[in-house]
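Structure record follows, encoded as structure tokens.
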Amino acid sequence: MSIHVIKVIDGAPETPLPNNLQKVDLRSLQLGFDHVNRYFQGTVILSYPLTKLGNGTEFFKAVLQELENPCLRTSTINILFFGKLAQGCAKVVQQGDTLVVSGFKLAKSSSAGEDDRHCCHLEVSEETGANIYVCISLINTLNNTSPSTHPVVPKYTYTPLNHLKDGTVVNLYGAVKFFKPPYVSKGTDYCSMVTIVDQSNVKLTCMHFNASLDALPKIYKIGDIVRFHRIKIKEYNGQIQGITSAGFASLTFDGTVGAPMVPRASSKLYTFTDEDRKIIEELRIWVTSNLSNSGPTVKLSDVQSMMFFDLTCQLIGKAKVDGSSLLLKVWDGSKCPFSTWKVLVKESDLEGDSFLIHQLRFFTVDILVYDNHVQLAKSLKVGSFLRIFSLHIKQHALENQPDGFCLEFHLHGGTGYGRGIMVLPESNTDVKELKVCQQLSVTVLTEHQHFDVTALNTVLNSLAPQQYHIRAKLRKFEPQKLYQSVKLYCPKCNSLQEVPDGDDFNLILQDALATGPNPDLQESSLYESVLWDTENQGQRQIAVYFVKHGELLKSPEESLIMIEGKIIKYYIYCLGVIPVRSTDDDLVLLDLSAPFLLQGKLRHYGCKHCSNPKTIESLRSLAAQEQPSWDPTNIAEALGIVPLQYVFVMKFTLDDGTGTLDAYLFDYEEFFQISASEVLFSNILQESMKRIMNTLCPSGKTLGNLPWLECFIKSYYVREGIEQQVHYQIFDTMIAEDI
DNA sequence: TTAGGTTTAG
């Protein structure tokens, strides 16, 4: 008695099989015949765990299939191993191996007539003097590229669907026309159903049962291609149908022409040959013109009331509701344009990352799952990727709002129309796509959310002017220095200029100081003045004029003041300071290179081209009011000044993988939520800006690791010499609240 | 054994 493990190389056994034996086929295996010096050869299609019999003897059972006639109804036979042989074989024998068995005993099978196998089984043990040759099948899987291994592959034949006969066990290929994802049956197993069709245009509905979800065919969508081995054909209600039989195994492939041929297998070991490849390629081509696919994938962003659809999503949260329903909070990377119904549950009942649930609260939808789906839904892990089939959307009228409504999402009980839930692996292409969509943008649109996203290459190839919703990453930006990005803009002549620095201002003030205040202008019904002697500057004086309100003088904190000569520190406590100089007749504004108004640290400038400065007397009408409004706009208007506005002007180089374009950002404070006029003198705001830019465009990261920016941009023509160039500008876009 | 295509009605 012995077990021989034989590697098969180049189609030939590494060590020779004994040549004194004669091969016997299944038909010749009959009780009462002499099987001494005979051997039986078959492929292991199934094996069971090693167990012990009541008397303590080790026991191991496997099912062998005859290679020559794999499609015959009874091409398989049970083989029972006892004692040390059971122990030894259980260790080495795997599904797909070929066994050569001699010295066996033939006995009537106890399951004869029930399992469509041979009416007898083989018994092998030390006592029978058995010899077992285990030919290790070096399976020709897709990943096996070793040239030295030659597979021992059982030769499978596949029956076209128009040649099926009741009562046979066959191997099939077909394209999925309809399917129900696995659901919990009322028996002991999961059940799934699939209707397949092939080039003969004949349909076959197949039922699959297994206690393990993994052992059922992994069908994700209509058009997938399946290969079934050892499926039993039976008649039911006058129609032929397929049903799992012992040793059933399946492979499923994406049905798209040109897609990678990666099998989703129901068992660890499987064969895959060039012939399989050819069959799949042919079926894929047939599918494109003969099978209507499931239609465009519906995302949460394109749902409508009263529809049934399949949703690919991620499970964010889960909660029990009552005995017959369960709540699933899911997200698919897009945003539903309608308000959606939120199911009230106790926070303690909600499973999932509460921070994430809160963060995604405007993106997730609540799905109520009913009846038979509850059991499967309970076992779903938060974070897993799901496809929910035949999800129903209902409109729910809102109380107190005659035309208001929100959408309810229901997965009703039953399995009609393939209703159900399936977990998708992370390797699934739809899951990969969903993960990309799920990356939250660091910017959001303030308007236009309903615009579809346009790829940058489309934008680049289109005529201007147009507006686009784009999604891209920030490759680089200019200028790098924050102070260089703040400019002064004239909304009247559209000119841009640099913000003057403090030194320019001081020079202008020095000039004014040289002349000195005009003594004739110190008395006025508009103001009261105080003269100060400057320190260390001889006779020169500084004049401070306090503007009266309705001819009353208020406290300095409530006053607008004018200063001639030098800006003294305490001006920051006033409502505002207007730097002035004296002429022979009037107090007038300084050169417009200087600010026309100071408020705290903020300097207001006027446009040199568009302003028509008036004398300070022009403030009289404003000052005449009892409660004058000294805001910069009113003051500028009274003084004939067109005020300049502080803006951020930056150039963003955006990239979405399809193309790259430079878009200008022209922003007062909407985009950054930081005022361009205040940022120059606030360290806190400058730090916020740095932090934002570092989030948008972190240094040292590859494009793939950069965050997405959701932007609204417009294209426009700019004349440069005789040529027109298309430029792009970002607008109606802002930094997301939570970055 | 189970389910066996054709939407729940919450």
Side-chain angles (χ1 to χ4, degrees), chain A residues 111 114-115 161 164 166 174-197 202-213 215-217 219 221-224 226 228 231-246 248 291-292 294-295 298 303-311 319-328 340-345 365-377 387-397 406-422:
Chain A
S111 52
E114 291 172 25
D115 60 4
L161 299 183
L164 295 174
D166 183 22
V176 175
K177 189 176 165 56
F178 170 80
F179 72 106
K180 288 185 177 182
Y183 53 97
V184 184
S185 80
K186 288 186 181 123
T188 58
D189 291 330
Y190 285 103
C191 171
S192 74
M193 199 197 102
V194 57
T195 303
I196 58 171
V197 59
V202 168
K203 287 192 294 177
L204 177 75
T205 296
C206 304
M207 303 300 311
H208 301 289
F209 297 97
N210 204 291
S212 158
L213 269 177
L216 292 170
I219 297 162
K221 56 168 73 161
I222 288 168
D224 276 353
V226 291
F228 294 151
I231 186 160
K232 194 196 286 186
I233 305 301
K234 264 187 174 176
E235 199 186 294
Y236 171 77
N237 270 353
Q239 280 208 310
I240 287 274
Q241 74 172 202
I243 191 162
T244 39
S245 69
F248 171 81
L291 207 59
S292 55
S294 16
V298 176
V303 297
Q304 285 167 351
S305 187
M306 304 302 285
M307 73 189 290
F308 289 91
F309 72 113
D310 300 342
L311 178 67
K320 63 172 186 187
V321 178
D322 56 47
S324 69
S325 66
L326 194 85
L327 165 68
L328 301 180
T340 63
W341 180 51
K342 297 292 172 191
V343 180
L344 270 182
V345 287
V365 294
D366 283 6
I367 297 175
L368 269 187
V369 160
Y370 295 96
D371 307 338
N372 57 314
H373 306 296
V374 170
Q375 192 182 343
L376 192 137
R387 184 163 288 151
I388 303 177
F389 296 92
S390 205
L391 188 56
H392 187 202
I393 298 188
K394 277 172 77 179
Q395 197 165 310
H396 179 96
C406 67
L407 300 183
E408 293 178 1
F409 293 75
H410 301 271
L411 183 71
H412 299 294
T415 63
Y417 271 84
R419 221 167 22 249
I421 307 175
M422 185 165 65

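None of these values were measured; they are calculated from a predicted model. To find a chain, count down the sequence lines: A is the first, B the second, and so on, and within it residues start at 1.
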Which two nucleotides bound the region of DNA chain B that has atoms under 4.0 Å from heavy atoms of chain A, read 5' to 3'?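 Extent of the interface on DNA chain B: dT1(B) to dG10(B).
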Give, ordered by number, those residues of residues 410-420 of chain A having at least one heavy-atom distance below 4.0 Å to an atom of DNA chain B; if nothing qualifies, reply none. H412(A), G413(A), T415(A), G416(A), Y417(A), R419(A)
Measure from the side-chain N and O atoms of H373(A) to the backbone N and O of L368(A), and report whether any donor-acceptor pair falls under 3.5 Å. no
Could you classify dT6(B) for me, syn or anti, using a glycosidic angle within 90° of 0 as syn? syn
For Y183(A), all residues meeting ring-ring contact (aromatic ring centres under 6.0 Å, His included), sequence neighbours excluded: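 Here no residue qualifies.
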Taking any heavy-atom pair under 4.0 Å as a contact, classify [X]: base, sugar-phosphate, or nothing.
| X | answer |
| --- | --- |
| L368(A) | nothing |
| Y183(A) | sugar-phosphate |
| N237(A) | nothing |
| S325(A) | nothing |

Taking for each residue the nucleotide of DNA chain B bearing the nearest heavy atom, is the 5' side occupied by Y370(A) or by T205(A)?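 With Y370(A) and T205(A) compared, the 5'-side residue is T205(A).
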Could you check N210(A) against F178(A) and say which one's nearest nucleotide on DNA chain B is further toward the 5' end? N210(A)
Taking only residues two or more places apart in sequence, or in another chain, which ones meet S305(A) in a side-chain contact (heavy atoms from CB on, under 4.5 Å)?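 side-chain contact (heavy atoms from CB on, under 4.5 Å) check on S305(A) returns Q395(A), L407(A).
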The criterion is side-chain contact (heavy atoms from CB on, under 4.5 Å); which residues satisfy it with S390(A), sequence neighbours excluded?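 If we apply the side-chain contact (heavy atoms from CB on, under 4.5 Å) test to S390(A), skipping adjacent residues, the hits are F308(A), Y417(A), R419(A).
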Without placing hydrogens or testing angles, list every side-chain donor-acceptor pair under 3.5 Å for residues 202-212 of chain A, not counting sequence neighbours.
unit_1, atom_1, unit_2, atom_2, d
T205(A), OG1, T195(A), OG1, 3.1
N210(A), OD1, S212(A), N, 2.9
S212(A), OG, D214(A), N, 3.2

Looking at residues at least two apart in the chain, or sitting in another chain, which of them share a salt bridge (charged side-chain N to carboxylate O under 4.0 Å, His left out) with D189(A)? none
Among all residues two or more places apart in sequence or in another chain, which pass the side-chain hydrogen bond (donor to acceptor under 3.5 Å, both in side chains) test with Y370(A)?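 Listed in chain order: H410(A).
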Please tabulate, one pair per line, all N/O donor-acceptor pairs under 3.5 Å involving side-chain atoms of residues 234-242 of chain A, not counting sequence neighbours.
none

